[in-house]
Structure formats: structure tokens, C-alpha cells
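Worksheet: the structure to be examined is printed underneath.
Since the model is a prediction, treat every value here as computed from it, not as a measurement.
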Amino acid sequence: MSALFDPLFGADRVAARLDDASWVAALVAVEVTLAQAAAEHGVIPAGHASAIASAASTLDVDVAELGRGAVEGGNPVIPLVRLLRAAVGPEVGPSVHPGATSQDVMDTAAALLVGWAGEILLDDLRGAADAAARLAAAHRDTPMIARTLGQQALPTTFGLVAAGWCTGLDRARTALARVLATLPVQLGGAAGTLAALHPHGPAVAASLARDLRLADAAPWHTERTRVGELAGVLAVAAGACAKPATDVVLLAGTETGEVSEAAPGDSSSMPHKRNPIAAVTARAAARRAPGLAAVLLAAADHEHQRAAGAWHAEWQTLDDLLRATGGAASRLRTSLEGLGVHPDRMAANLALTSADTGAGHAGELVDRLLAERS
């Protein structure tokens with residue numbers, strides 16, 4: 001987490017579910033649940049699973065030390081397993097991490113973290129969309145000038161503009177929710193064959209998925225389309241946030257003055273400024289998302305049965321993408337929930353090029369778009 005920048009760019013709530021402590025909690029949860037799933041199918045003694053859960057509940061993990069320990073093997077699971085085995089002692093130690101490989105634990109923990117952070121993101125997308133819907137309903141028939149290619153065009157209504165914002169946010173939220181609902185468990189063992197758990201491997205994986213509330217899945221160590229799909233829906237959600245944020249910035253300009261934020265930002269040198277800072281920072285957060293998504297998509301070429309580098313590139317990138325998209329949604333929600341609309345300025349600007357305030361079927365389109373909300 002960044003105490004300096006996360007609140008500014010709206011990522012503080014999402015980041016709190018992605019910090020080092022959350023990663024450790026997710027990794028430990030996977031190891032404990034894996035032991036319980038293995039015990040359920042007779043792979044390890046039930047007493048060993050209980051001992052592992054008990055030791056994990058009081059395990060004192062020095063995150064900095066864990067990070068240093070990760071250097072040798074290339075991931076934090078290896079030193080974490082050593083810690084757990086030391087905590088339970090030599091008799092129970094061999095039952096820690098049964099039949100798994102480090103990637104199983106890292107990928108499954110990442111799925112947990114995405115789900116935890118995703119709850120916040122969905123909430124803010126819904127909040128922003130609801131705010132846009134309220135603006136659309138309230139200003140269904142409020143005339144304003146439409147602008148195309150930066151120039152005044154023909155009359156529309158602010159309600160239709162806001163309904164378009166709402167539609168994009170709803171579509172993005174629905175797509176993200178669908179992906180989050182199918183986040184998969186990862187359990188394949190050293191070469192993705194579940195050999196160390198034979199003949200109970202698929203059953204153990206199914207129990208692990210059930211207990212972690214993840215989707216059951218065959219091993220997908222180097223088949224990364226799920227990561228790419230997640231990257232895509234997060235980037236699209238960021239884009240859905242960027243559109244209304246951009247409109248708010250433009251409509252709040254001094255010469256236009258058609259909207260204003262409830263808590264505009266000041267300037268350090270120009271006291272007359274009233275910057276639409278929530279929309280500004282929503283745009284800033286959203287602009288990071290496409291590049292981060294591109295890193296995840298570029299890392300999809302995992303070679304053979306374990307990637308050397310491509311897999312490792314995903315961890316922080318996925319965290320950053322969740323922060324960027326989550327921040328954009330949070331800051332946009334703040335902007336739209338407090339947005340002031342100024343029909344008098346809209347009328348004055350409309351009169352610059354048009355004496356006609358008729359907006360065609362704009363009102364009917366607002367009704368249709370709002371009725372289609374899920």
C-alpha cells in the first residue's frame with residue numbers, strides 16, 4: 001500500500017485487501033485448507049490437518065524475512081512452507097503442503113485476493129452506476145448541446161448523457177462479476193498431473209475449491225487465458241470509468257460550467273480554481289489500466305509445464321491493475337454521487353448554435369436504458 005498515493009487515486013479500500021499481510025493470509029489459508037482437503041480423502045491423517053490449522057492460526061510471519069527467503073526459490077511459498085513445517089514439528093511436517101507445488105498455492109492465493117478486492121470494486125462500480133442512473137432520471141428532459149469532434153452539434157439531454165455513463169458502468173460490472181464468480185482453484189502438483197495425490201487428486205482439488213469458495217478446475221499452470229480474461233474485464237471496467245470522468249472534466253470547465261463536483265479541489269497558486277479533482281484522479285487511475293493489462297496479456301506464453309518469468313510477472317502486475325481499476329471506480333463514484341448539474345449554463349451554451357431545444361427521442365432512450373439495468 002502507498003499511504004501517500006492510494007487515497008489520492010482512490011485505491012485505498014482495494015489496496016487494503018491486496019497488501020503484504022493479505023497475501024500472507026491468503027497463502028496460509030490455502031495451505032491450511034489444502035491440508036484439510038487432503039485429510040478428508042485420507043491422504044494425510046486428520047490429526048495432522050488439525051495440527052497444521054492450529055499452528056497456522058498463531059504463526060508469526062515476518063513479511064520482510066519471508067520476502068528475503070523467497071529470493072532463493074523465486075516465490076514466497078517455499079519459505080512459508082518451511083515456517084509451517086517448523087511450527088508443527090517433524091512428525092506433522094511432512095503433511096504440510098501435501099501433493100502441491102508452489103504455483104498451486106500462489107495461483108490459488110491470487111484467486112482469493114482477486115475475489116476479496118473484487119468485492120470492493122463491484123461495490124464502487126455499482127455505486128457509480130447508481131449515481132449516474134439518478135442523474136439520468138432527474139435530468140431526463142434537461143436540454144443541452146451534444147458535442148461531436150469537440151464542436152457543438154445538435155440538442156440532446158443531460159439525462160441521455162448520464163444514462164450512457166450508467167450503461168457502460170453496468171456492462172463493465174456485469175462482465176467483471178461473471179469472471180469473479182468463476183475464479184478457479186489451482187492444484188496440479190509438480191507437473192500438473194496430480195501424481196503425488198493419486199488416486200485422490202481430483203477429489204482433493206474439488207474439496208479445496210469448495211472450502212475456499214472457488215471454482216473447481218483441472219490444472220491450468222501454463223494455460224493462462226483466465227488471467228487474460230480477468231485482465232481484459234478489469235481494463236474495460238477502467239475504461240467505463242474513464243468515459244464519464246472525462247466528460248465531467250470537460251463539462252466542468254470554466255467556459256462550459258455545466259456541472260461541478262460537490263467538493264472541488266483547490267489550487268496551490270490560483271485561489272479561483274475549482275478543479276473537478278475526483279474525476280481528474282479517476283481518469284489518472286484508469287489510464288494506468290490498459291498498460292498493466294497488456295503486461296498480463298504479453299505474459300500469456302507460459303512455456304511447457306512451468307513458466308520461467310512469465311508467471312512471476314503476473315503477481316505485482318495483477319495487484320497494480322486491481323488498484324488502478326478500483327481507484328478509478330472509487331473516485332468516479334465520489335464525483336458522480338456529488339455532481340451538481342447546472343441547467344442554466346446548459347441552456348446558455350445550447351443557445352450559442354441552436355434556437356431549437358428539441359432532443360428527438362432522448363427521453364425515450366433514457367427510459368429504455370434505465371429499464372434495461374440489471
### Message
Quick one: does any side-chain atom of E303 pair with a main-chain N or O of A308 as donor and acceptor, under 3.5 Å?
### Response
yes
### Message
As an exercise, state the distance from CG of N349 to CD1 of I145, rounded to the nearest 0.5 Å.
### Response
9.0 Å
### Task
Evaluate the side-chain proximity of C166 to R373: yes if any heavy-atom separation is below 4.5 Å, no if none is.
yes
#### Entry: Least distance between heavy atoms, V185 atom then L214 atom
N-CB, 3.9 Å
### Task
Return yes if some donor-acceptor pair links the side-chain N/O of T256 with the main-chain N/O of L251 below 3.5 Å, else return no.
no
### Criterion side chain to side chain contact (heavy atoms under 4.5 Å, CB included) on V227 and L318, from CA distance to verdict
CA-CA 9 Å; V227 177; L318 183 55; 5.7 Å; no
### Query
Is a salt bridge present between E258 and R147, judged by a nitrogen-to-oxygen distance below 4.0 Å?
yes
### Task
Give a yes or no answer on whether the side chain of T222 reaches the backbone of H304 with a donor-acceptor pair at less than 3.5 Å.
yes
### Task
Say whether, by atom type as modelled, one donor and one acceptor occur between the side chain of R140 and the main chain of G363 under 3.5 angstrom.
yes
### Task
Verify salt bridge (Lys or Arg N to Asp or Glu O under 4.0 Å) between R178 and E229, making sure each step is shown before the conclusion.
CA-CA 11 Å; R178 183 173 60 249; E229 184 179 19; 5.3 Å; no
### Query
Taking side chain as C-beta onward, heavy atoms only, is V96 less than 4.5 Å from R85?
yes
### Query
Do H198 and L194 have side chains that get closer than 4.5 Å, going by heavy atoms?
no
### Query
Would you say the side chain of H312 lies within less than 4.5 Å of the side chain of Q103, judging by non-hydrogen atoms?
no
#### Entry: Exam field: side chain R331 to backbone F9, donor-acceptor pair closer than 3.5 Å
no
### Message
Using the rule that Ile, Leu, Val, Met, Phe, Trp and Tyr join whenever any side-chain heavy atoms are under 4.5 Å apart, tell me whether V105 and W116 fall into a single cluster.
### Response
yes
### Query
Does the pair E364/R368 count as a salt bridge with the N-to-O cut at 4.0 Å?
no
### Task
Tell me yes or no: between the side chains of S260 and H342, is some donor less than 3.5 Å from an acceptor?
yes
#### Entry: Backbone of G188 reached by a side-chain donor or acceptor of T193 within 3.5 Å
no
### Distance in Å, W220 CH2 paired with T225 OG1, rounded so as to fall on 0.5 Å steps
9.0 Å
#### Entry: Electrostatic pair R134:D130 at N-O distance under 4.0 angstrom
no
### Query
Short question: side chain of R333, backbone of L125 - any donor-acceptor pair under 3.5 Å?
no
## Note on the structure
In this structure, CG of D12 is separated from CZ of R323 (nearest 0.5 Å) by 11.0 Å
### Message
A side-chain contact here means heavy atoms from C-beta on lying under 4.5 Å apart; do V24 and D20 qualify?
### Response
no
### Query
Does R82 have any side-chain hydrogen bond (donor to acceptor under 3.5 Å, both in side chains) partners at least two apart in sequence or in another chain, and if so, which?
none
### Message
Does D19 form a side chain to side chain contact (heavy atoms under 4.5 Å, CB included) with S22? I'd like the steps, not just the answer.
### Response
CA-CA 5 Å; D19 61 5; S22 297; 2.7 Å; yes
### Task
Using the side chain to side chain contact (heavy atoms under 4.5 Å, CB included) rule, take R126 and R173 through it: C-alpha gap first, then chi angles, then the decisive distance, then the call.
CA-CA 7 Å; R126 167 67 81 175; R173 179 183 52 81; 3.4 Å; yes
### Task
Take L197 and V43, measure what side chain to side chain contact (heavy atoms under 4.5 Å, CB included) needs, and give me the verdict at the end.
CA-CA 7 Å; L197 292 170; V43 176; 3.8 Å; yes
### Message
So that I can tick it off, tell me whether D123 and R13 are bridged by a salt bridge, with the cut-off set at under 4.0 angstrom between side-chain N and carboxylate O.
### Response
yes
### Message
Side chains of S95 and H48: any donor to acceptor distance under 3.5 Å?
### Response
yes
### Message
Between T101 and R306, do the side chains contain a donor N or O and an acceptor N or O under 3.5 Å apart?
### Response
yes
### Message
I want to check something: taking the side chain as every heavy atom from C-beta on, are L169 and C241 in contact at a cut-off of under 4.5 Å?
### Response
yes
### Task
Give a yes or no on whether a salt bridge exists between E65 and R68, defined as a side-chain N under 4.0 angstrom from a carboxylate O.
yes
### Message
If the condition is ring-ring contact (aromatic ring centres under 6.0 Å, His included), which residues does W311 pass it with, not counting sequence neighbours?
### Response
W315
### Distance (rounded to the nearest 0.5 Å) between I78 CD1 and L66 CG
10.5 Å
### Query
For D216, which residues count as a side-chain hydrogen bond (donor to acceptor under 3.5 Å, both in side chains) partner, sequence neighbours excluded?
none
### Query
Do you see a donor-acceptor pair shorter than 3.5 Å between the side chains of T33 and E31?
no
### Summary
Closest heavy-atom pair, A109 versus W23, reported as atoms and distance to 0.1 Å, is CB-CZ3, 4.3 Å
### Task
Taking T182 for its side chain and V179 for its backbone only, find out whether a donor-acceptor pair lies under 3.5 Å.
yes
#### Entry: Hphob cluster co-occupancy, L121 + V236, side-chain heavy atoms under 4.5 angstrom
no
### Interatomic spacing from CD in E261 to CG in L336 - rounded to 0.5 Å
8.5 Å
### Summary
Closest non-hydrogen atoms of A231 and L321, given as atom of the first, atom of the second and distance, are CA-CD2, 3.9 Å
### Query
Taking all non-hydrogen atoms of both residues, which atom of V366 and which atom of G159 are closest, and how far apart?
CG2-C, 3.5 Å
### Task
Evaluate the criterion side-chain hydrogen bond (donor to acceptor under 3.5 Å, both in side chains) for residue pair Q152 and T353; output intermediate values, then yes/no.
CA-CA 7 Å; Q152 291 201 345; T353 55; 2.5 Å; yes
### Task
Please check if L322 and L8 belong to a single hydrophobic cluster, counting links between Ile, Leu, Val, Met, Phe, Trp and Tyr side chain heavy atoms closer than 4.5 Å.
no
### Query
Is there a chain of hydrophobic side chains (I, L, V, M, F, W, Y, each step under 4.5 Å between heavy atoms) that links L250 to V280?
no
### Flag, side chain of S57 to backbone of S54, donor-acceptor distance under 3.5 Å
yes
### Interatomic distance, R283 atom CZ to L332 atom CG [nearest 0.5 angstrom]
12.0 Å
## Note on the structure
In terms of heavy-atom contacts, G10 and S330 come closest through O-CB, 3.3 Å
### Task
Might you point out which heavy atoms bring A100 and L34 nearest each other, and give the distance in Å?
CB-CD2, 3.6 Å
### Message
Would you say CD of Q316 has more than 12 non-hydrogen atoms from neighbouring residues, nucleotides or ligands within 6.0 angstrom?
### Response
no
### Message
Within the 3.5 Å criterion, strictly below it, is a donor on H97 or D104 matched to an acceptor on the partner's side chain?
### Response
no
### Message
Using 30° and 60° as the class boundaries, would you call the ring planes of W165 and F158 parallel, tilted or perpendicular?
### Response
perpendicular
### Query
Do V341 and L370 share a hydrophobic cluster (ILVMFWY, side-chain heavy atoms under 4.5 Å, transitive)?
no
### Task
Measure from the side-chain N and O atoms of T157 to the backbone N and O of L160, and report whether any donor-acceptor pair falls under 3.5 Å.
yes
### Query
Is the shortest distance from a Lys or Arg side-chain nitrogen in R224 or E314 to a carboxylate oxygen in the other one below 4.0 Å?
yes
